[in-house]
Amino acid sequence: MTTRFWKWGLLLALLVMILPAGGAFAQDDTTEVDTLPSSFLLNGFTYHAQTWNNCGPATITMALSYYGYVDNQARAAAWLKPNFEDKNVSPWQMAEFVNSQVPELPVFSMVRYGGTLDTLRTLIANGFPTIIESGYDPERANQGWMGHYLLVIGYDDAREVFITHDSYDGANLQYSYEHIAEYWQHFNYMYMPVYTANTESALNDLLGDDADSFVNVVNTFNLAQAEATADQTDAFAWFNMGSALTMLEMYDDAATAYDVARNLGLPWRMLWYQFGPYEAYNAVGQYDVTITLATAVLNDGGGQYVEETYYYAAIAREGLGQTQRAIDNYNAVLAFNPNFTQARERLNALQSS
């Protein structure tokens, strides 16, 4: 074993001691997947082909149509990404749109991580349309790796496929279980069921301990840890460990995991979509790392349209005592997206201090 792999193995050992897989917070999979039908398809959606750069709004619009939502994707886009150039809509923003911007429907959503193929099958078979975020590299786009939302509406065990409404590639599009497992990992197996008030209790029962957001993150860490243990060269597993540790506010360990992921190599657009590294590095005072990463994103040919880049750079500038540059960056965020409440709150606090 090389010195580099030995160091990674040591980190894994340390993380095992911190949150042992199989320990008190290990995932308790109580879902009786053997009782699920061998195939299932939800019906009643209106398919929306995304307009340019509008995957998130189109996908959430399709999910809501299952519950009688009749607007098109423009309504969601106006709130989620007021600047049409915005390259990313984060899962929390999608959930917030559902939970706060659709008062005519009693619909809700939640964001969870660490999903499995059985998680998706269980949710679909019980009537919950579910959005996932995954890596994406379709030939006809000819753009290289990027992030993409899919609305999962069905599955077929005999053919080992999920049926999706893909806002870019078409309605009732089939992806193999193998394909979903591979590319879903790139976004920490994030899933967003959409449900109504009178089905919330049933959804929580299906999710088991993953209904609790904290325990879900611990379970997600355990999954990523197991994958990194099985293959220490799996950059996505290390990245996912870093993301879970960041959500657990274990920032020193998160920064170390992100260091390993970055050294192994990640898609160049990774920080268009996932921002845990910025949060972890800022939390441990490695502001220079945040600035270096943010600068690279701003110079990569499209990252200047990712408002989160300015947001986390602003936090780093604050940490470095560069108050005016931080203010400028927060204003850049809000010029992009006035609904970015965290940026407004930090700007107000900075200007009033």
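Counting begins at 1 with the first residue of the sequence. In what follows, every heavy atom counts, from backbone to side chain, and hydrogens, waters and symmetry copies are set aside.
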message: side chain to side chain contact (heavy atoms under 4.5 Å, CB included) for T61 and N72? Distances and angles first, verdict last.
response: CA-CA 7 Å; T61 298; N72 62 30; 5.5 Å; no
query: Going through the distances and angles, do T290 and I315 end up as a side chain to side chain contact (heavy atoms under 4.5 Å, CB included)?
result: CA-CA 9 Å; T290 293; I315 295 173; over 6 Å; no
Full working for side chain to side chain donor-acceptor pair (under 3.5 Å) between D157 and Y177: CA-CA 9 Å; D157 288 337; Y177 287 175; 2.6 Å; yes
- prompt: Without hydrogens or angle criteria, can the side chains of N53 and Y305 be said to hold a donor-acceptor pair below 3.5 Å?
  reply: no
- request: Could you tell me whether the side chains of N54 and H48 share a donor-acceptor contact shorter than 3.5 Å?
  value: no
- prompt: When you check the side-chain N and O atoms of D234 and Q185, is any donor under 3.5 Å from an acceptor?
  reply: yes
query: Is the Y47 ring parallel, tilted or perpendicular to the H165 ring (thresholds 30°, 60°)?
result: perpendicular
- prompt: Y155 vs F40 aromatic rings, parallel, tilted or perpendicular, using cut-offs 30° and 60°?
  reply: parallel
query: Under the side chain to side chain contact (heavy atoms under 4.5 Å, CB included) criterion, do Y281 and Y312 qualify, and how do the steps go?
result: CA-CA 10 Å; Y281 291 129; Y312 287 103; over 6 Å; no
task: Would you please test F336 and E308 for side chain to side chain contact (heavy atoms under 4.5 Å, CB included) and show each step?
output: CA-CA 10 Å; F336 252 96; E308 289 87 351; over 6 Å; no
query: Linking I/L/V/M/F/W/Y whenever their side-chain heavy atoms sit closer than 4.5 Å, directly or via other members, would Y183 and L120 fall into one cluster?
result: no
query: Does F239 have its ring centroid less than 6.0 Å away from the ring centroid of Y258?
result: yes
message: What I want to check is whether the side chains of T116 and T119 have a donor and an acceptor closer together than 3.5 Å.
response: yes
- prompt: Just by distance, with hydrogens left out, do Y310 and N331 show a side-chain donor and acceptor under 3.5 Å apart?
  reply: no
task: List for me each residue that meets side-chain hydrogen bond (donor to acceptor under 3.5 Å, both in side chains) alongside E249, sequence neighbours excluded, and say none if there are none.
output: none
query: Looking only at side chains, do D86 and N337 share a donor and an acceptor under 3.5 Å apart?
result: no
- request: Using distance alone, with no hydrogens and no angle criterion, decide if T196 and N198 have a side-chain donor and acceptor under 3.5 Å apart.
  value: yes
- request: Please state whether the rings of W272 and W268 are parallel, tilted or perpendicular, taking 30° and 60° as the class boundaries.
  value: perpendicular
Determine all donor-acceptor pairs shorter than 3.5 Å in which one atom belongs to a side chain in residues 321-328; sequence neighbours excluded.
unit_1: Q322; atom_1: OE1; unit_2: R317; atom_2: NH1; d: 2.8
unit_1: Q324; atom_1: NE2; unit_2: D328; atom_2: OD1; d: 3.0

- request: Report the relative orientation of the aromatic rings in W145 and H186; use parallel for angles under 30°, tilted for 30 to 60°, perpendicular for over 60°.
  value: tilted
- prompt: Would you find a donor on one side and an acceptor on the other, under 3.5 Å apart, between the side chain of Y149 and the backbone of V89?
  reply: yes
- request: Any side-chain hydrogen bond (donor to acceptor under 3.5 Å, both in side chains) involving residues 340-350? Give me the pairs, sequence neighbours left out, ordered by first then second residue.
  value: E318-R346, Y330-R346
